[in-house]
J.: 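Right, I'll just put the structure down here and ask away after.
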Amino acid sequence: MIQVVDNKEIAPKIFQMNLAASEVAKTATPGQFLHIRCSSALAPLLRRPISIAGVDAAEGTVDIIYRVVGEGTSWLSQRVPGDELDILGPLGRGFPMSKSGSNPVLVGGGLGVAPLLYLARRIAEIRGPEVAANSLGRVFLGFSTISEAYGIEQLTSLGYDVFIATDDGTLGHKGFPTDP
């Protein structure tokens, strides 16, 4: 059981939750996820796999980003600071990490951006501020529309060149993030 520290809507029906989970924060790697029980009753029965979007090992906290699409995530969106969650994790193998000098290219869209935020931060930590001053690499993000975009400021502040695409053209390139 872990405790909710914060739970806020960052875009329409997209929430970022901060969790007090010191054991997870110590062991999680970018690309892993948490399996969260989204109920205090029997239904919905199945846990929801939600990507880890960030870790603060010093504070012992973990961030997740999720979209409200059904009963389970609706229940999750109603959690407030102090509420407890039943989680399993971190689970999964995570992304392979290289310490080579090459600049990475990260590509993701929608909720697939969430695990890239943790990966980008970890790469920045490994490579250091002197590399960030000259660009850590490129990130291509895709969203349906401007109102669903998130993580852009975080990535640019870390030192990445960020390219955006939206389905409707309201932000950046109109089309897919793989087009540019």
J.: Could you tell me the separation between the CD atom of Glu125 and the CG atom of Leu158, rounded to the nearest 0.5 Å?
T.: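 It comes to 8.5 Å.
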J.: Where is the tightest heavy-atom contact between Ala28 and Val55, given as atom of each residue plus distance?
T.: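 Minimum heavy-atom contact is CB-CG2, 4.1 Å.
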J.: Are the side chains of Thr27 and Pro90 in touch, meaning some heavy atoms are under 4.5 Å apart?
T.: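 Yes, at least one pair of side-chain atoms sits under 4.5 Å.
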J.: Within the structure provided, determine whether Tyr118 and Ser51 are in side-chain contact (heavy-atom separation under 4.5 Å).
T.: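 No, their side chains stay 4.5 Å or more apart.
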J.: If you look at every heavy atom in Val113 and Tyr150, which pair is closest and at what distance?
T.: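 That would be CB-OH, 3.6 Å.
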J.: Any side-chain heavy atom of Leu19 sitting closer than 4.5 Å to one from Leu34?
T.: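 When only atoms from C-beta onward are counted, Leu34 and Leu19 do touch, with a gap below 4.5 Å.
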J.: Which atom names give the shortest non-hydrogen contact between Leu117 and Ala53, and what distance separates them?
T.: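 Taking Leu117 first and Ala53 second, the nearest heavy atoms are CB-O, 3.6 Å.
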J.: Is it the case that one hydrophobic cluster holds both Met97 and Leu116, taking links as side-chain heavy atoms less than 4.5 Å apart, direct or via other members?
T.: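 Yes, one cluster joins them.
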J.: A quick test of your reading: do over 12 heavy atoms of other residues, nucleotides or ligands sit less than 6.0 Å from CZ of Arg138?
T.: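 At most 12 heavy atoms, drawn from other residues, nucleotides or ligands, come within 6.0 Å of this atom.
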J.: Apply side-chain contact (heavy atoms from CB on, under 4.5 Å) to Ile152 and Ile164, showing your working.
T.: CA-CA 9 Å; Ile152 299 164; Ile164 308 298; 3.6 Å; yes
J.: Taking all non-hydrogen atoms of both residues into account, name the closest pair between Gln154 and Ser157 and its distance.
T.: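 What the structure gives for the nearest pair is O-OG, 2.9 Å.
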J.: How long is the gap from CG on Leu85 to OG on Ser39, to the nearest 0.5 Å?
T.: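 Going from CG on Leu85 over to OG on Ser39, the span is 11.5 Å.
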J.: Between Val162 and Val107, is there a shared hydrophobic cluster once you connect ILVMFWY residues whose side-chain heavy atoms come closer than 4.5 Å?
T.: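 Val162 does not cluster with Val107.
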J.: What is the distance from atom CD1 of Ile2 to atom CD1 of Ile36, rounded to the nearest 0.5 Å?
T.: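 One gets 6.5 Å once the value is rounded to the nearest 0.5 Å.
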J.: Does one hydrophobic cluster hold both Val105 and Phe95, with members joined at side-chain heavy-atom distances below 4.5 Å?
T.: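 They do not share one cluster, since no chain of ILVMFWY contacts under 4.5 Å joins Val105 to Phe95.
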J.: Hydrophobic clustering (ILVMFWY, side-chain heavy atoms < 4.5 Å, transitive) - are Ile52 and Leu141 grouped together?
T.: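 No, because Leu141 and Ile52 fall into different hydrophobic clusters, even though each may have its own neighbours under 4.5 Å.
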J.: Give every donor-acceptor pair under 3.5 Å between a side-chain atom in residues 7-17 and any protein atom, sequence neighbours left out.
T.:
unit_1 : atom_1 : unit_2 : atom_2 : d
Asn7   : OD1    : Tyr66  : OH     : 3.0
Asn7   : ND2    : Tyr66  : OH     : 3.3
Asn7   : ND2    : Leu76  : O      : 3.1
Asn7   : ND2    : Ser77  : O      : 3.3
Asn7   : ND2    : Arg79  : O      : 3.1
Glu9   : OE2    : Lys13  : N      : 2.8

J.: Distance from Met1 atom CE to Asp83 atom CG, nearest 0.5 Å?
T.: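 The CG atom of Asp83 is 9.5 Å from CE of Met1, to the nearest 0.5 Å.
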J.: Name the atoms and distances for all side-chain donor-acceptor pairs under 3.5 Å in residues 169-180, with sequence neighbours left out.
T.:
unit_1 : atom_1 : unit_2 : atom_2 : d
Thr170 : OG1    : Thr145 : OG1    : 3.2
Thr170 : OG1    : Ile146 : N      : 2.8
Thr170 : OG1    : Asp168 : OD1    : 2.7
His173 : NE2    : Asp179 : OD2    : 3.1
Asp179 : OD2    : Phe176 : N      : 3.0

J.: Minimum heavy-atom separation for Cys38 and Arg48, please, with both atom names.
T.: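 Closest pair (atom of Cys38, atom of Arg48, distance): SG-CG, 3.5 Å.
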J.: Considering all heavy atoms of both residues, which atom of Ala120 and which atom of Leu155 are nearest to each other, and what is their separation?
T.: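 For Ala120 and Leu155, the tightest heavy-atom pair comes out as CB-CD2, 3.4 Å.
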J.: What is the distance from atom CZ of Phe140 to atom CG of Asp161, rounded to the nearest 0.5 Å?
T.: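 Output value for this atom pair is 8.5 Å.
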J.: Within a strict 4.5 Å, meaning less than it, do heavy atoms of the Thr73 and Arg67 side chains meet?
T.: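 No, side chains not in contact.
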J.: Do Leu119 and Leu111 belong to the same hydrophobic cluster, where Ile, Leu, Val, Met, Phe, Trp and Tyr are linked whenever their side-chain heavy atoms lie under 4.5 Å apart, directly or via other members?
T.: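 Same cluster.
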J.: Before giving the answer on side-chain contact (heavy atoms from CB on, under 4.5 Å), spell out for Asp86 and Arg47 the whole-Å C-alpha distance, their side-chain angles and the decisive distance to 0.1 Å.
T.: CA-CA 9 Å; Asp86 181 352; Arg47 292 174 179 268; 3.2 Å; yes
J.: Taking the side chain as every heavy atom from C-beta outward, state whether Arg37 and Leu88 have any pair of such atoms under 4.5 Å apart.
T.: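 No, every pair of side-chain atoms sits at 4.5 Å or beyond.
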J.: Is the shortest side-chain heavy-atom distance between Phe33 and Pro115 below 4.5 Å?
T.: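 No, every pair of side-chain atoms sits at 4.5 Å or beyond.
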